[in-house]
Every structure is written in structure tokens, then in C-alpha cells.
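All residue numbers in this chain count up from 1 along the given sequence. Everything numeric here is computed off the predicted structure, so don't read it as measured data.
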Amino acid sequence: MSSSTAANQVRASHILIKHQGSRRKASWKDPEGRVISTTTRDAAVSQLKLLRDDIVSNKAKFDEVASRYSDCSSAKRGGDLGPFGRGQMQKPFEDATYNLNIGEISDIVDTDSGVHIIMRTG
């Protein structure tokens with residue numbers, strides 16, 4: 001990878017909460033999709049807002065919350081997605097990540113996968 005390619009990349013961690021409107025209604029913690037299929041988007045957003053509040057107020061650490069609650073397989077890495085460039089993530093996710101400063105945590109971001117909060121790490 002050239003240095004110009006690396007310069008155009010960001011690195012982020014996220015917490016994903018899936019809901020009945022998510023394109024794939026299964027996850028590592030809900031392989032049959034039973035909980036996801038009955039979770040409304042509003043319920044997913046409410047849960048994510050509470051988790052975000054705990055992180056922002058330093059009651060919890062982002063990576064620990066991601067490991068426990070995120071529906072993404074990146075939960076095993078504390079939510080870390082590694083570096084990525086433009087065009088590699090769903091557009092709302094990409095836009096939100098590029099608009100964050102390093103160390104900053106997004107508001108709720110909606111994608112076809114579910115609802116996320118994102119922390120830019122690089």
C-alpha cells in the first residue's frame with residue numbers, strides 16, 4: 001500500500017445493534033436472529049444511546065461495551081474495524097467516520113446493517 005493510499009484511510013471501531021429492519025437478521029450473539037427479528041429500530045436506538053452515554057461519561061470503555069453488546073463480529077476485537085478507505089463501507093458509515101476527529105464518538109448512524117456508534121481511532 002502506498003503512503004498516499006494510507007493517508008486517505010481512516011481507522012474506526014464501532015458498536016452495531018441490529019434490528020428487524022437490518023439486512024441480515026443474525027449475528028454472532030444471536031445466530032438464529034430471534035432477538036434481532038423482534039427488536040424495533042427505536043429499541044435498538046434507545047439501547048445504543050444508553051451505551052453511548054455510559055461511554056461518554058466514562059462509566060464504561062468503548063472496547064468493553066463493543067465486545068459485549070455489538071452485533072458485529074468485530075466485537076471480538078473490541079469493535080475495531082481496522083483501516084479502511086472511501087468506498088469500502090456503507091456510505092452513511094463512511095461519511096460519519098470521515099467527519100469525526102480521532103478519539104471522537106459519533107451520534108447514531110443508520111445503515112442497512114442496523115444502527116451504530118462509531119469511534120474514529122486513526
Side-chain angles (χ1 to χ4, degrees):
M1 167 173 23
S2 72
S3 59
S4 64
T5 304
N8 294 327
Q9 291 195 323
V10 293
R11 184 175 187 138
S13 294
H14 77 134
I15 299 168
L16 166 66
I17 305 294
K18 292 185 174 190
H19 54 78
Q20 54 198 192
S22 298
R23 66 177 174 191
R24 196 171 153 263
K25 292 170 188 59
S27 76
W28 67 273
K29 63 180 197 174
D30 186 13
E32 304 296 314
R34 289 189 181 105
V35 174
I36 294 166
S37 294
T38 61
T39 302
T40 65
R41 180 192 171 278
D42 288 347
V45 167
S46 294
Q47 180 185 7
L48 205 48
K49 282 183 177 176
L50 291 172
L51 296 173
R52 185 184 188 283
D53 289 347
D54 283 350
I55 294 163
V56 172
S57 66
N58 291 318
K59 290 181 189 163
K61 293 185 183 208
F62 193 100
D63 60 337
E64 292 170 1
V65 172
S67 295
R68 185 166 177 194
Y69 294 101
S70 183
D71 281 310
C72 182
S73 60
S74 68
K76 297 180 198 86
R77 299 180 302 279
D80 183 21
L81 295 168
F84 58 89
R86 295 216 179 257
Q88 292 185 272
M89 298 291 180
Q90 294 175 59
K91 187 80 170 121
F93 191 98
E94 173 187 303
D95 290 347
T97 305
Y98 275 87
N99 286 324
L100 292 170
N101 293 313
I102 294 173
E104 202 173 8
I105 298 173
S106 72
D107 287 326
I108 305 297
V109 177
D110 259 301
T111 70
D112 291 342
S113 299
V115 290
H116 315 249
I117 54 171
I118 306 161
M119 180 172 67
R120 183 164 171 184
T121 56

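Using a 4.0 Å cut-off between charged side-chain N and carboxylate O, Asp110 and Arg41 make a salt bridge. Between Lys59 and Asp53, no side-chain nitrogen of the basic residue sits less than 4.0 Å from a carboxylate oxygen of the acidic one, so the salt-bridge criterion is not met.
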Practice problem: Using the side chain to side chain contact (heavy atoms under 4.5 Å, CB included) rule, take Tyr69 and Leu48 through it: C-alpha gap first, then chi angles, then the decisive distance, then the call. | Solution: CA-CA 9 Å; Tyr69 294 101; Leu48 205 48; over 6 Å; no
Exercise. Might you work through the side chain to side chain contact (heavy atoms under 4.5 Å, CB included) test for Ile108 and Ile117, ending with a clear yes or no?
Key: CA-CA 5 Å; Ile108 305 297; Ile117 54 171; 4.0 Å; yes
Quiz prompt | Worked verdict on His116 versus Ser106 for side chain to side chain contact (heavy atoms under 4.5 Å, CB included) | solution = CA-CA 9 Å; His116 315 249; Ser106 72; 6.0 Å; no
Exercise. Check step by step if salt bridge (charged side-chain N to carboxylate O under 4.0 Å, His left out) holds for Asp95 and Lys91.
Key: CA-CA 6 Å; Asp95 290 347; Lys91 187 80 170 121; 2.9 Å; yes
Exercise. Step by step, work out the side chain to side chain contact (heavy atoms under 4.5 Å, CB included) result for Arg120 and Asn101.
Key: CA-CA 7 Å; Arg120 183 164 171 184; Asn101 293 313; over 6 Å; no
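Between the NZ atom in Lys29 and the OG atom in Ser73 there is a gap of 13.0 Å [rounded to 0.5 Å]. The NZ atom of Lys61 sits 12.0 Å away from the OG atom of Ser67 when rounded to the nearest 0.5 Å. With values rounded to the nearest 0.5 angstrom, Thr97 atom OG1 is found 8.0 Å from Leu81 atom CG. Here the straight-line distance linking atom CG of Leu16 with atom OG of Ser22 works out to 6.5 Å at 0.5 Å rounding. Here the NZ-CD1 distance, from Lys25 to Ile36, works out to 9.0 Å after rounding to the nearest 0.5 Å. Put simply, CZ on Arg68 and OG on Ser70 are 13.5 Å apart, with the number rounded to the nearest 0.5 Å.
When every heavy atom of Gln20 is checked against every heavy atom of Thr40, the shortest pair comes out as OE1-CG2, 3.6 Å. The shortest heavy-atom contact between Ile118 and Ala96 is CD1-CB, 3.9 Å. Smallest separation of non-hydrogen atoms from Ser27 and Asp71: OG-OD1, 2.9 Å. Minimum heavy-atom separation, Ala75 to Ala66: CB-O, 3.3 Å. When all heavy atoms are compared, the tightest approach of Ile17 to Gln47 is CG2-OE1, 3.7 Å. Closest approach of Pro92 and Thr111 over heavy atoms only: CB-CG2, 4.3 Å.
A 4.5 Å side-chain heavy-atom check between Asp107 and Arg52 finds at least one atom pair inside the cut-off. Side-chain contact between Val35 and Lys18: absent, with no pair of heavy atoms (C-beta onward) separated by less than 4.5 Å. In this structure the side chain of Gln90 reaches within 4.5 angstrom of the side chain of Arg23, judged on heavy atoms.
Taken together through direct or relayed side-chain contacts under 4.5 Å among Ile, Leu, Val, Met, Phe, Trp and Tyr, Val65 and Met119 form part of one hydrophobic cluster. Val10 and Ile102 fall into different hydrophobic clusters, defined by Ile, Leu, Val, Met, Phe, Trp and Tyr side-chain heavy atoms under 4.5 Å apart, directly or through other members. Clustering ILVMFWY residues whenever any of their side-chain heavy atoms sit less than 4.5 angstrom apart, transitively, puts Val115 in the very cluster that holds Ile105. A single hydrophobic cluster is not seen to contain both Ile55 and Leu50; linkage of ILVMFWY side chains at heavy-atom distances under 4.5 Å, directly or through other members, places them apart.
Residue Arg34 qualifies as open at atom CZ: its count of foreign heavy atoms under 6.0 Å is 12 or below.
Taking the six-membered ring for Trp and thresholds of 30 and 60 degrees, Phe84 and Phe93 have ring planes inclined between 30 and 60 degrees apart.
Arg86 meets the side chain to side chain donor-acceptor pair (under 3.5 Å) test with Glu94; sequence neighbours excluded.
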